[in-house]
Amino acid sequence: MKLKLFYSLKRKVLAVCLAGMILMALCVGGISLWTISHLTYDYEIQNMNHLVDTKATIINDELLRSENIVNYAANSVSRKISDPDQLRNPAFQQRLAQSVDHDFQDATTNLHIICSYYLYYPSENISALWKASRGHDSMFYDVLAQQRGESGQAAPRHVVAFAYLMDQGKAAWTQPYYSPYLNRYIISYLRPIYEDGVMVAIIGVDLDFQAFIDRLYAKPSEGEEHGMIILSDATGTVEYSPKKPLGVPLVDKDIHLKDTADKVAEAGQTDNEMLSYTWAGEPSLAGIKTLRNGMNFIDLRQIPQIYDRTHKAFMQMGFGLVAVCILASLLPLYMISRLSERLQLVIEAAKEVGEGNYDVKLHDTQPDDIGELSRNFQAMAEKVAAAQGNLTYMSQHDVLTGILNRMGLDKEVADWLKAHPASHGALVSLDLDGFKFINDLHGHMAGDEALRTLAKDLIESFGHDQIIGRNGGDEFVVFMKDTEPEQAEKVIKAFSSKVKTFTYDGETHAFSVSIGYTLYKGDGTSLSRLFHQSDTALYAVKLRGRNHYRAYEPTMENLNRTSLGFNLETITKNLPIALLVSEAKPDGKILFVNKTMVEMLECRNIHEFMEFTQGYAPNVVCTCDRERMTKMVWEQSAREPDRPHCMSYSIHTAKGFDKPVFAIWRQADNVNYGKVFYATLMEASYLRDLPPDDGDCQA
C-alpha cells in the first residue's frame, strides 16, 4: 500500500530535499553545532537592543550636554567663592548671578530642549537668577524681573526642584513635574555647590519634558519597526507618555513586569539582559536602556511577534541537529512553495476546465517547465473553449439550414416559457408538401436547396426575433413569442398564401407547405403538449389536401390517422404497376417514376434510369413506336382532355430489349408543374396470362 505522503509532487520534492539536508547535517552537524550555537542569537533581540541603544545614545547626549552646562557654571561659581560669607554681600551675589547668566547664554545656544536655568542661594533662601524661554527659538526672559514687576516682590523659588536636591545632597535629575510658573511639564538637573561642607548655592536647568517625550514617541522611521516604545521610570513599571507626562502605571495598559527591580537596573546597564513582561496576556520581552536621568527607554514586543530562531534549539545535540536541518530546508521549502503555488494555479485551471468553465487565465511567464506547461495549458483551454463553442452551436443548430435543430428548439422554447409563463404565443408546425417527390424527381441536392429556401422564407416572414428551427426531415417549427391569436393567424395566413419557389441547377421550382399551429395563452401548457397540438393540427391539414393552414382544435384528437399510415414512398415502391409522371409536352421532362417503372426498363436505380432516358418521357418509348405513340397521345388529349386514355406500344430497356406494354394515361393540372401526364404501364405479356373469367391475380 502506497503512502499518501508521496501522492503530492510537492511532498515528493520536499522529501528528497529533506533527506539530502538531513544527510548533510549528519555529516557536518557534529563538527559545527557548538560553533553555530554561539553565532545564532536571536536577531530580533539584537535589533531591540540596537534600537534602544541608538535612541538612548541620542537622548543621553542631550542630557549629558545639559549636565555639562550646569557643571561648567557650577565650577565657575565654585572658583569665585572663596568664603561663604561673600554670599552675604548683595553686590557679590549680583556679580555672581551675571557671571552664571553669561555662562548659560553661551552654552544653551544649540540646546533648545533647555527651557529654564537658575541660580539659588539656600542660606539666603532667594533665587539670584531665573531665566526661561517661551519657545525653542526665543530668547530667555528674566522671570524674576517679570515677577517683581507684576507683584512687587521676588518670585518664589522652585520649591519642588530645590527641595528634591536638598534631600539628595548631590547633583541629580528630578522626576517629571508640572511648573505653574513655566506652564510646562519639566525635568530638572541641579547641582549643589559646597564650601567648607556647607551648601552655598544651587545651579540648575529645566528641560521641556513634553517636547522630550513627544520626540521619543514620534512615529518610527522606516526600518525601526517595533512593538511598543516606552519611556519608564527606574522601576520599569510606570510609563511617561505624551498624554500622561507625569506617569501612569503600566498595569493600566495590561502590561505587567515579571522581573525584579534589581533585574531592571541590571538590564538597563547592559545589552545582554532582556526583561520579561506580560502584555495583554501574552509573554513579552523588552530591550531596555537606562538614561542618565535614571529613566529607562524600553522596546517591548510580544514573544509571538518575535521570530525566535533559537528557541530551545541548542539545549542539546539532538535539538541542535534538528534546527540545522530545518534551517537548511528553508530554501527548498521556499522554492517548493513557489513551485507549488504555480502548479496549483494550473491544477485549479484544470478543475475549472473539467467543470466546463474554459475561461481560465494563466499568466506564467517564467522560462521553465512549469511556465511552458501553463502557457500550453492556456492555449489548449482557449482551443477547447472555441471547439466547445462550436460543438454547442452545432448541437443546437441544423447544419443544412443554419437554423435551430430539435434540441435547440426545445431549449429555446422551454427557456422562453420559463421566463414568460404568463405571456401569449403560438407554436407553428410546417411540413414541405411532396418533399419525397422533389427528392426523387430532382435529386437530394434539389431537396436540400428547397429546405434551405424554406428556412430563409420562414425567417423573412416570421422575423429574426422568433424561434425558428428544423424539427427533422422536411418538418419545421416556429414559436411566435409575445403574439396574440389574431396577429398569429395573420402572419401564418400571409405565409401560407405566399408563392414559394426554390432554384436549383438554373431552374426555378414551386413548392407548398402545410401548416398546423396551436396557441399558448399563458396557462402553463407544457412544451410537449404544445408540440402535440400543433402536430395534430398539421395532420388535419394533410388529411384535407395539404397546402393550407389550420389552428388546433380539441375535436382534431378524434381524427383517424390510419389514412396517413402509407406515404408516397411506400405506395409507389410496392405498387405492382409502373408509374410515370411527366410534363404534358411533346418533349416533356420526367417528373416522377416508381420502382416498378425503373425495373421495367431494366435499370438498377433511379439515377441509372434518368441517365438512360436523359430525363425525357419520349425516350422511354421504342423508336419504332415513338412517332405513332406521340401522335395518338395528342389526338386523344385534344379530343377528350379530362378523360383517361389507353394505348399499346413498345418500350426499349437499358439492356437493349424491346417490351410490349399496355399504358393507361391521363392529363391533369398540377399546382407546381402546370399540365402533367400521369401514366401507368403494364407488360402486355402479363395481360395475356390473366384468367379469362375475372381480373383477379392468382398466386
Side-chain angles (χ1 to χ4, degrees), residues 434-450 502-511 568-637 644-670 672-687:
F435 181 64
K436 173 63 177 174
F437 182 80
I438 295 174
N439 277 338
D440 290 344
L441 182 61
H442 303 290
H444 290 283
M445 297 295 288
D448 292 346
E449 185 59 33
F502 72 93
T503 301
Y504 176 70
D505 199 18
E507 295 185 0
T508 299
H509 307 278
F511 67 92
L568 180 61
E569 179 183 6
T570 303
I571 294 174
T572 57
K573 180 178 179 181
N574 296 285
L575 194 67
I577 192 170
L579 296 178
L580 173 65
V581 182
S582 67
E583 295 177 334
K585 299 178 181 178
D587 57 348
K589 291 183 179 180
I590 298 175
L591 303 177
F592 177 78
V593 293
N594 68 344
K595 181 180 179 183
T596 306
M597 186 68 208
V598 173
E599 293 173 346
M600 182 178 289
L601 262 66
E602 296 182 320
C603 296
R604 290 174 296 181
N605 50 53
I606 184 66
H607 300 291
E608 186 176 318
F609 177 89
M610 295 300 288
E611 184 178 356
F612 175 68
T613 61
Q614 297 181 1
Y616 292 96
N619 292 340
V620 174
V621 183
C622 177
T623 54
C624 60
D625 285 342
R626 189 174 300 171
E627 183 178 353
R628 178 182 63 83
M629 187 274 292
T630 302
K631 180 179 179 182
M632 186 179 298
V633 166
W634 289 107
E635 288 178 353
Q636 291 176 350
S637 297
H645 304 280
C646 61
M647 66 179 65
S648 296
Y649 54 86
S650 294
I651 62 174
H652 187 70
T653 70
K655 293 183 178 181
F657 298 103
D658 293 337
K659 290 183 180 180
V661 297
F662 178 75
I664 301 176
W665 62 275
R666 183 175 186 172
Q667 179 178 288
D669 291 326
N670 182 273
N672 296 320
Y673 302 101
K675 292 187 179 298
V676 176
F677 286 143
Y678 295 91
T680 60
L681 290 80
M682 184 178 295
E683 294 185 32
S685 60
Y686 178 74
L687 294 175

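Heavy atoms only: backbone and side chains are in, while hydrogens, waters and symmetry mates are out. This chain uses plain numbering: 1 for the first residue, then up along the sequence.
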So which atom in [X] and which in [Y] form the shortest heavy-atom distance, rounded to 0.1 Å?
| X | Y | answer |
| --- | --- | --- |
| Pro586 | Pro618 | O-CG, 3.1 Å |
| Ser648 | Arg628 | O-NH2, 3.0 Å |
| Cys646 | Phe662 | CB-CZ, 3.6 Å |
| Asn594 | Leu579 | OD1-N, 2.9 Å |
| Phe502 | Ala446 | CE1-O, 3.6 Å |
| Ala450 | Phe511 | O-CZ, 4.5 Å |

Sidechain-backbone polar pair: Asp658 side chain, Thr653 backbone, donor-acceptor under 3.5 Å: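 It does not hold such a pair.
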With side chains defined as the heavy atoms from C-beta onward, is the minimum distance between [X] and [Y] less than 4.5 Å?
| X | Y | answer |
| --- | --- | --- |
| Leu601 | Lys655 | no |
| Val593 | Val598 | yes |
| Lys675 | Glu583 | no |
| Val633 | Phe677 | yes |
| Thr503 | Glu449 | no |

Within a reach of under 6.0 Å around [atom1] of [X], are more than 12 heavy atoms found that belong to other residues, nucleotides or ligands?
| X | atom1 | result |
| --- | --- | --- |
| Tyr616 | OH | no |
| Glu611 | CD | no |
| Glu627 | CD | no |
| Lys659 | NZ | yes |

Verdict with reasoning, His652 to Phe612, per side-chain contact (heavy atoms from CB on, under 4.5 Å): CA-CA 10 Å; His652 187 70; Phe612 175 68; 4.1 Å; yes
Calculate, to the nearest 0.5 Å, the distance between atoms [atom1] and [atom2] belonging to [X] and [Y] respectively.
| X | Y | atom1 | atom2 | value |
| --- | --- | --- | --- | --- |
| Lys595 | Ile606 | NZ | CD1 | 12.5 Å |
| Leu580 | Met597 | CG | CE | 5.5 Å |
| His444 | Ile438 | NE2 | CD1 | 12.0 Å |
| Asn619 | Ile590 | CG | CD1 | 7.5 Å |
| Ile651 | Glu602 | CD1 | CD | 8.5 Å |
| Gln636 | Arg666 | CD | CZ | 13.5 Å |

is_close_aromatic(Trp665, Tyr649), centroid dist under 6.0 Å: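 Centroid distance Trp665-Tyr649: not below 6.0 Å, so no.
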Salt bridge (Lys or Arg N to Asp or Glu O under 4.0 Å) against Arg626, all qualifying residues, sequence neighbours excluded: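 With sequence neighbours excluded, Arg626 shows a salt bridge (Lys or Arg N to Asp or Glu O under 4.0 Å) to no residue whatsoever.
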Test salt bridge (Lys or Arg N to Asp or Glu O under 4.0 Å) applied to Glu507 - qualifying residues, sequence neighbours left out: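 Only Lys589 meet the salt bridge (Lys or Arg N to Asp or Glu O under 4.0 Å) criterion with Glu507.
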Residue pair Met600, Leu681: steps toward the side-chain contact (heavy atoms from CB on, under 4.5 Å) verdict: CA-CA 9 Å; Met600 182 178 289; Leu681 290 80; 4.2 Å; yes
Check against side-chain contact (heavy atoms from CB on, under 4.5 Å), Val581 and Val676: CA-CA 7 Å; Val581 182; Val676 176; 3.1 Å; yes
